[in-house]
Amino acid sequence: VQLQASGGGLVQPGGSLRLSCAASGFSFSSRAINWYRQDPGKEREWVAEIMPAGETHFAGSVKGRFIASRDNAKSRVYLQMDSLKPEDTAVYYCNVLISRDYWGQGTQVTVSS
């Protein structure tokens, strides 16, 4: 199982970023994929979940600002992040649970003026 997040960067408050997670090594279309984030010194925080058929769930802190989507043909999930705030600064990870948690390499998102 491999997961690789990408698309992070530096953005000003109010800006947008689109993260991507490429997955391989498992039956992607049958698994829910999660996004988490972690700021240094803080616990890892769940951000969003996208179910196999596309239903999404979001943490209250990002609801209305983030949109998750997936392309099962490409084994990819996406996290569109709009109206970014400084408190969204973190390393973002994608995750899948298959008997245990698998984590991809994260991507750094920094929201700062």
Side-chain angles (χ1 to χ4, degrees):
V1 175
Q2 290 192 331
L3 299 165
Q4 177 72 53
S6 61
L10 173 64
V11 63
Q12 292 187 343
S16 298
L17 281 174
R18 188 191 193 212
L19 304 184
S20 176
C21 174
S24 62
F26 63 98
S27 180
F28 179 84
S29 62
S30 65
R31 295 290 178 176
I33 306 295
N34 290 278
W35 286 97
Y36 285 78
R37 64 187 182 187
Q38 187 169 23
D39 208 13
K42 297 182 180 179
E43 290 189 0
R44 190 165 291 187
E45 175 190 18
W46 174 76
V47 175
E49 176 184 41
I50 182 161
M51 306 301 287
E55 180 183 1
T56 54
H57 307 96
F58 297 94
S61 58
V62 307
K63 191 175 292 185
R65 299 188 296 121
F66 289 12
I67 298 172
S69 60
R70 65 191 294 158
D71 185 335
N72 286 339
K74 295 182 178 180
S75 295
R76 283 183 175 265
V77 295
Y78 305 96
L79 188 66
Q80 176 66 41
M81 306 187 297
D82 298 324
S83 302
L84 283 162
K85 304 175 181 180
E87 51 263 43
D88 294 318
T89 295
V91 177
Y92 284 70
Y93 300 89
C94 46
N95 158 277
V96 65
L97 176 61
I98 307 171
S99 71
R100 70 167 179 89
D101 282 307
Y102 288 89
W103 300 92
Q105 179 180 336
T107 186
Q108 175 71 48
V109 172
T110 303
V111 185
S112 175
S113 56

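Predicted, not measured: the structure shown is a model, and the values here were computed from it. All values below were derived from every heavy atom in this structure, side-chain atoms included, with hydrogens, water molecules and symmetry-related copies excluded.
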Keeping T56 on the side-chain end and I50 on the backbone end, is there a donor-acceptor pair under 3.5 Å?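 It does not hold such a pair.
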
What's the spacing between R37 CZ and R44 CZ if we round to 0.5 Å?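 With rounding to 0.5 Å, CZ (R37) is 13.0 Å from CZ (R44).
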
Which pairs pass ring pair (Phe, Tyr, Trp, His ring centres under 6.0 Å) with one or both residues in residues 82-113, sequence neighbours excluded?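 Passing the test, one end in residues 82-113: Y36-W103.
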
Of all residues at least two apart in sequence or in a different chain, which pass the salt bridge (charged side-chain N to carboxylate O under 4.0 Å, His left out) check with R65?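 So R65 forms a salt bridge (charged side-chain N to carboxylate O under 4.0 Å, His left out) with D88.
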
Closest approach of [X] and [Y], non-hydrogen atoms and distance?
X: V1; Y: V96; value: CG1-CG1, 4.0 Å
X: F58; Y: A48; value: CD2-CB, 3.5 Å
X: R31; Y: L97; value: NH1-O, 3.5 Å

What I'd like to find out is whether the side chain of [X] reaches to under 4.5 Å of the side chain of [Y], using heavy atoms alone.
X: M51; Y: E49; answer: yes
X: E87; Y: S61; answer: no
X: D71; Y: Y78; answer: yes

Is I98 reachable from F28 through a run of hydrophobic residues whose side-chain heavy atoms are each under 4.5 Å from the next?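 Yes, F28 and I98 fall within the same hydrophobic cluster.
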
So with a 6.0 Å cut-off around CD of E45, is the heavy-atom count from everything else above 12?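 More than 12 within 6.0 Å, yes.
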
Show the atom names and distances, to 0.1 Å, of all donor-acceptor pairs under 3.5 Å that link a side chain in residues 2-23 to residues at least two apart or in another chain.
from: S16; atom 1: OG; to: D82; atom 2: OD1; distance (Å): 2.8
from: S20; atom 1: OG; to: R76; atom 2: NH1; distance (Å): 2.7

